[in-house]
K.L.:
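Pasting a structure below so you can have a look.
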Amino acid sequence: MQSNPTYVDLNDVYNVFIAGKIESNGITANSVIPLCRITWDSSNIHEPALKTFTDAVHSIIDGSKNVRSTTKPDPIAALLMNADLAPGDKPFDESDYRLFEQTRLADKWRGNRIGDLNELMACLLEHIKMSSSGKLDIKVSPKNGHQGVIAEFKNRFNTMNAASAIRTRQTMEGLIFQKNSEFYGYKAALVERIPKKSGEQVLFNPSNPGTGRKGEESEDIIRVGLQQFLAEQGDQLLYLKAIVIIALALKEREQLPEDYNMGFIFRLLLESIS
């Protein structure tokens with residue numbers, strides 16, 4: 001039976017949908033979690049970065065409405081859309097196909113811009129900034145004796161092919177091992193929002209596609225999930241906070257009702273990082 005709490009603290013959402021607890025203060029994986037009932041502490045969010053993040057979300061909302069097809073339609077693809085229909089279902093017609101194409105193109109357009117949100121999300125913490133190196137995405141300043149980090153962000157674990165992975169590794173080596181680099185002594189990280197497995201930190205040492213050999217392993221060059229990266233940087237709830245911020249921006253633009261059930265989104269989050 002689904003529970004329907006009066007208020008939902010993001011700490012309880014974390015406990016259930018990220019830490020994997022069965023229940024936390026009445027919240028379970030099957031709970032209805034209305035957007036308007038979610039409470040969270042925003043005191044550590046850097047205000048200028050929050051505006052930049054929110055503006056980027058609004059830009060995506062606006063852009064999604066204006067995506068137009070720049071390619072010709074595919075009659076065979078349109079016809080084969082009917083292959084999944086059950087007997088008796090209404091076949092796809094021209095309006096169905098054109099709506100599908102518009103939706104597909106908008107989704108592809110949004111996907112290309114979600115990468116920007118990943119980086120801006122990390123920058124909601126004041127000690128994390130966009131990198132000025134022109135080579136990797138994010139710079140984490142040394143803080144309280146912790147090692148600085150230079151990071152490349154990716155949406156998914158399979159975004160890079162083998163050649164791209166080895167180039168990224170080589171870039172990292174040049175940035176953190178050369179004594180004349182501003183990032184000398186830093187750690188380098190490949191951060192994946194949707195990791196292949198759990199997202200727990202592992203060494204990043206891809207095979208060279210030309211030789212089939214790996215380079216020398218280094219504890220200072222790692223691969224890690226976004227959730228784990230943000231937790232390591234001081235806020236294990238930041239991914240959840242960013243999701244709520246995006247939902248609130250959609251509500252502000254009347255794209256979502258205020259009682260939108262975020263339980264569905266949080267279940268997808270758990271599945272995506274597990």
Side-chain angles (χ1 to χ4, degrees), residues 1-62 64 110 113-114 116-128 143 153 155 191 193-195 198-200 224-274:
M1 180 176 180
Q2 293 184 345
S3 58
N4 193 3
T6 304
Y7 292 103
V8 179
D9 190 286
L10 273 189
N11 284 289
D12 296 315
V13 174
Y14 172 87
N15 288 338
V16 173
F17 293 95
I18 294 181
K21 292 186 178 180
I22 300 299
E23 184 270 342
S24 182
N25 285 326
I27 300 298
T28 72
N30 293 319
S31 292
V32 173
I33 305 178
L35 175 61
C36 59
R37 297 180 182 176
I38 297 174
T39 63
W40 50 292
D41 179 7
S42 61
S43 60
N44 70 327
I45 299 297
H46 188 46
E47 283 296 328
L50 175 59
K51 184 181 185 307
T52 301
F53 182 85
T54 305
D55 286 348
V57 175
H58 283 294
S59 178
I60 291 175
I61 294 170
D62 291 334
S64 294
R110 285 189 296 269
R113 284 150 185 82
I114 289 174
D116 295 335
L117 291 185
N118 298 337
E119 297 161 19
L120 294 174
M121 181 196 310
C123 292
L124 291 171
L125 299 178
E126 191 168 8
H127 67 293
I128 301 181
K143 181 183 178 183
F153 276 39
N155 265 333
V191 180
R193 186 170 58 85
I194 302 178
S198 69
E200 294 299 326
V224 66
L226 177 62
Q227 170 59 37
Q228 288 82 357
F229 177 82
L230 296 175
E232 178 68 22
Q233 297 310 319
D235 192 347
Q236 66 183 12
L237 301 183
L238 189 59
Y239 194 169
L240 290 168
K241 292 175 183 178
I243 287 175
V244 174
I245 292 168
I246 293 169
L248 290 172
L250 287 162
K251 180 182 77 70
E252 181 182 339
R253 300 293 291 274
E254 299 184 345
Q255 303 298 128
L256 287 181
E258 67 174 15
D259 61 350
Y260 181 76
N261 180 17
M262 293 292 289
F264 152 65
I265 300 299
F266 295 141
R267 284 191 292 274
L268 292 182
L269 169 63
L270 175 60
E271 187 177 345
S272 74
I273 65 176
S274 299

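Predicted model, so just to flag it, every value in this text is computed and none were measured.
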K.L.:
Is a side-chain N or O of K241 found less than 3.5 angstrom from the main chain of M121, in a donor-acceptor match?
P.N.:
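Checking the backbone N and O of M121 against the side chain of K241, no donor-acceptor pair under 3.5 Å is found.
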K.L.:
Hey, could you give me each pair passing salt bridge (Lys or Arg N to Asp or Glu O under 4.0 Å) that has a residue in residues 17-27? Not counting sequence neighbours.
P.N.:
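Those involving residues 17-27 do not exist here.
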K.L.:
Any chance you could measure L237, atom CG, to I18, atom CD1, to the nearest 0.5 Å?
P.N.:
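Spacing of CG (L237) from CD1 (I18) equals 7.5 Å.
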K.L.:
Show your working on side chain to side chain contact (heavy atoms under 4.5 Å, CB included) between N15 and I27 and close with a plain yes or no.
P.N.:
CA-CA 9 Å; N15 288 338; I27 300 298; over 6 Å; no
K.L.:
Is it the case that the side chain of R267 and the backbone of A29 share a donor-acceptor pair, with hydrogens and angles ignored and the cut-off at 3.5 Å?
P.N.:
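At least one qualifying donor-acceptor pair exists.
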K.L.:
What is the distance from atom OG of S198 to atom CD of Q228, rounded to the nearest 0.5 Å?
P.N.:
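Spacing of OG (S198) from CD (Q228) equals 6.0 Å.
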K.L.:
List for me each residue that meets salt bridge (charged side-chain N to carboxylate O under 4.0 Å, His left out) alongside R253, sequence neighbours excluded, and say none if there are none.
P.N.:
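So R253 forms a salt bridge (charged side-chain N to carboxylate O under 4.0 Å, His left out) with D62.
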K.L.:
Could you walk me through whether L35 and L250 pass the side chain to side chain contact (heavy atoms under 4.5 Å, CB included) test, one step at a time?
P.N.:
CA-CA 11 Å; L35 175 61; L250 287 162; over 6 Å; no
K.L.:
If I take atom CD from residue E200 and atom CD1 from residue I273, how far apart are they, to the nearest 0.5 angstrom?
P.N.:
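Here the interatomic distance stands at 9.5 Å.
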K.L.:
Quick check: closest heavy atoms across C123 and A49, and the distance to 0.1 Å?
P.N.:
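Minimum heavy-atom separation between C123 and A49: O-CB, 3.1 Å.
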K.L.:
Step by step, would you call M262 with I243 a side chain to side chain contact (heavy atoms under 4.5 Å, CB included)?
P.N.:
CA-CA 9 Å; M262 293 292 289; I243 287 175; 3.6 Å; yes
K.L.:
I need the single residue from L248, I246, L120 that forms a side chain to side chain contact (heavy atoms under 4.5 Å, CB included) with V57. Which is it?
P.N.:
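Between V57 and the candidates, side chain to side chain contact (heavy atoms under 4.5 Å, CB included) is satisfied uniquely by I246.
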K.L.:
Checking side chain to side chain donor-acceptor pair (under 3.5 Å) against N25, which of D9, D12, N11 comes through?
P.N.:
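Filter result, single survivor: D12.
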K.L.:
Do V13 and I38 touch side chain to side chain, with heavy atoms closer than 4.5 Å?
P.N.:
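No. Closest side-chain heavy atoms not under 4.5 Å.
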K.L.:
Does the side chain of L230 come within less than 4.5 Å of D235's, by heavy atoms?
P.N.:
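The answer is no; the side chains never approach within 4.5 Å.
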K.L.:
I want to check something: taking the side chain as every heavy atom from C-beta on, are Q233 and K143 in contact at a cut-off of under 4.5 Å?
P.N.:
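No, their side chains stay 4.5 Å or more apart.
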K.L.:
Q227 side chain to Q236 main-chain N or O, any donor-acceptor pair under 3.5 Å?
P.N.:
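Yes, the answer is positive, given that a donor and an acceptor are paired below the 3.5 Å cut-off.
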K.L.:
Counting C-beta onward and ignoring hydrogens, is there a side-chain heavy-atom pair between T54 and L50 closer than 4.5 Å?
P.N.:
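With C-beta onward as the side chain, the pair touches.
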K.L.:
Within the side chain of S59, is there an N or O that forms a donor-acceptor pair under 3.5 Å with the backbone of D55?
P.N.:
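A pair under 3.5 Å: no.
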K.L.:
If a pair satisfies ring-ring contact (aromatic ring centres under 6.0 Å, His included) and one of its residues is in residues 10-31, list it, with sequence neighbours excluded.
P.N.:
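As it turns out, the ring-ring contact (aromatic ring centres under 6.0 Å, His included) pairs with a partner in residues 10-31, which skip direct neighbours, are F17-F266.
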K.L.:
Of all residues at least two apart in sequence or in a different chain, which pass the side chain to side chain contact (heavy atoms under 4.5 Å, CB included) check with S272?
P.N.:
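With sequence neighbours excluded, S272 shows a side chain to side chain contact (heavy atoms under 4.5 Å, CB included) to I194, L269, given in chain and number order.
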K.L.:
Is there any ring-ring contact (aromatic ring centres under 6.0 Å, His included) pair reaching into residues 35-58, and which pairs are they, with sequence neighbours excluded?
P.N.:
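Listed once each, the pairs would be none.
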K.L.:
With a 3.5 Å distance limit and no angle check, can you tell me whether N261 reaches the backbone of I33 through a side-chain donor-acceptor pair?
P.N.:
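Flag set: sc N261 to bb I33 pair under 3.5 Å.
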K.L.:
Can you tell me how far CD1 of I45 sits from CG of L238, rounded to the nearest 0.5 angstrom?
P.N.:
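Here the interatomic distance stands at 5.0 Å.
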K.L.:
Could you tell me the separation between the CD atom of E258 and the CZ atom of R37, rounded to the nearest 0.5 Å?
P.N.:
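So the CD of E258 and the CZ of R37 are separated by 9.5 Å.
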K.L.:
List the residues meeting salt bridge (charged side-chain N to carboxylate O under 4.0 Å, His left out) with D259, not counting sequence neighbours, and say none if there are none.
P.N.:
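In terms of salt bridge (charged side-chain N to carboxylate O under 4.0 Å, His left out), with neighbours along the sequence ignored, D259 is linked to no residue.
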K.L.:
To the nearest 0.5 Å, what is the distance between CD1 on I60 and CG on L117?
P.N.:
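Interatomic distance, I60 CD1 to L117 CG, rounded to 0.5 Å: 4.0 Å.
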K.L.:
I'd like to know if the side chain of S31 reaches the main chain of T28, judged simply by a donor and an acceptor atom lying under 3.5 Å from each other, with no hydrogens or angles considered.
P.N.:
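Indeed, once roles are kept as given, a pair shorter than 3.5 Å links the two residues.
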